[in-house]
Amino acid sequence: MTIMGLLFALLNDMFFAAIPAVGFALVFNVPQNALAYCAIGGAVGHGSRFLMMHYGVPIEWATFFAATIVGMIGVHWSHKFLAHPKVFTVAALIPMVPGVFAYKAMIAMVEINHLGYTPELLATLMENFLKAMFIIAGLAIGLAMPGLLFYRSRPVV
């Protein structure tokens with residue numbers, strides 16, 4: 001892939017990640033002046049995950065690092081605009097939720113129930129279920145990382 005092709009794909013990914021971030025920010029009643037920051041956070045998070053995956057980082061780790069980046073940016077914006085970091089970060093992480101993997105796992109489970117057990121269906125179920133759970137864990141831990149790093153009030157003994 002050429003540099004221009006990669007840049008176009010990255011911008012396309014970022015644009016289409018900003019749309020659901022704003023949509024979920026509206027669902028979560030985020031103030032109007034913060035909607036643009038939710039869009040930027042969603043675009044930066046999904047775009048950084050896209051780039052990491054393009055260069056060979058597994059989706060689970062790429063999601064973790066992208067969620068950490070969004071969390072760090074959200075902490076910066078929260079200090080700048082005197083709002084809670086979750087105002088900017090939660091809606092920005094929604095585009096990275098692993099819906100396809102969870103759907104494939106659910107379909108495999110329904111097929112096992114309907115058609116009976118086969119090793120292929122169980123492998124599909126476990127692969128997609130574990131991938132979805134690790135991605136969700138990466139989102140949760142990555143979002144919590146800035147709080148763990150910056151907001152510790154006492155040293156660990």
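Numbering of residues begins at 1 and proceeds along the displayed sequence.
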Same cluster or not: I141 versus F134, using hydrophobic residues (I, L, V, M, F, W, Y) connected whenever any side-chain heavy atoms lie under 4.5 Å apart? no
L35 side, atom CG; L26 side, atom CG - distance, nearest 0.5 Å: 5.0 Å
Please determine whether the number of non-hydrogen atoms from other residues, nucleotides or ligands lying under 6.0 Å from atom CG of L115 exceeds 12. yes
Please name the pair of heavy atoms, one in T89 and one in G74, separated by the smallest distance, quoted to 0.1 Å. CG2-CA, 3.7 Å
Kindly work out whether a path of hydrophobic side-chain contacts (I/L/V/M/F/W/Y, heavy atoms less than 4.5 Å apart) joins F50 to Y55. yes
Can you hop from L121 to M109 via hydrophobic side chains spaced under 4.5 Å? yes
In Å and rounded to the nearest 0.5 Å, what is the NZ to OG1 distance from K131 to T63? 9.5 Å
Got F88 and I73 here, is their nearest side-chain heavy-atom distance under 4.5 Å? no
Answer yes or no: are there more than 12 heavy-atom neighbours, outside F28 itself, under 6.0 Å from its atom CZ? yes
Value for CD1 (I112) from CD (E120), rounded to nearest 0.5 Å, stands at 10.5 Å
Does the plane of the ring in F64 sit parallel, tilted or perpendicular to the ring in W61? Use 30° and 60° as the thresholds. perpendicular
Under a 4.5 Å cut-off applied to non-hydrogen side-chain atoms, are F129 and M106 in contact? no
Among all residues two or more places apart in sequence or in another chain, which pass the ring pair (Phe, Tyr, Trp, His ring centres under 6.0 Å) test with Y37? W77, F81
Between T124 and N128, the two heavy atoms sitting closest are O-ND2, 2.9 Å
Does F15 reach the side chain of L11, with side-chain heavy atoms less than 4.5 Å apart? no
When rounded to the nearest 0.5 angstrom, what is the spacing between CE in M14 and CG in L51? 8.5 Å
Show your reasoning for whether side chain to side chain contact (heavy atoms under 4.5 Å, CB included) applies to L143 and V70. CA-CA 7 Å; L143 185 59; V70 170; 5.6 Å; no
For A21 and A92, the nearest pair of non-hydrogen atoms, with its separation, is CB-CA, 4.2 Å
Here the gap from L93 atom CG to I136 atom CD1, rounded to the nearest 0.5 Å, amounts to 12.0 Å
pair V87-S78: side-chain heavy atoms closer than 4.5 Å: no
Any chain of hydrophobic side-chain contacts (each under 4.5 Å) joining M133 to I94? no
Roughly how far, to the nearest 0.5 Å, is CZ of R49 from NE2 of H54? 15.5 Å
At their closest point, which heavy atom of M96 faces which heavy atom of G45, and how far apart are they? SD-O, 3.8 Å
So, for V22 and A39, which heavy atoms are closest and what is the spacing to 0.1 Å? CG2-CB, 3.4 Å
Do the side chains of L139 and V97 get nearer than 4.5 Å, heavy atoms only? yes
What are the two closest heavy atoms between A17 and A43, and how far apart are they? CB-CA, 4.5 Å
Flag the pair M72 / L149 as yes when at least one side-chain heavy-atom distance between them is below 4.5 Å, and no otherwise. yes
If Ile, Leu, Val, Met, Phe, Trp and Tyr residues are connected whenever their side-chain heavy atoms lie under 4.5 Å apart, and connections chain through other members, are L125 and V100 in the same group? no
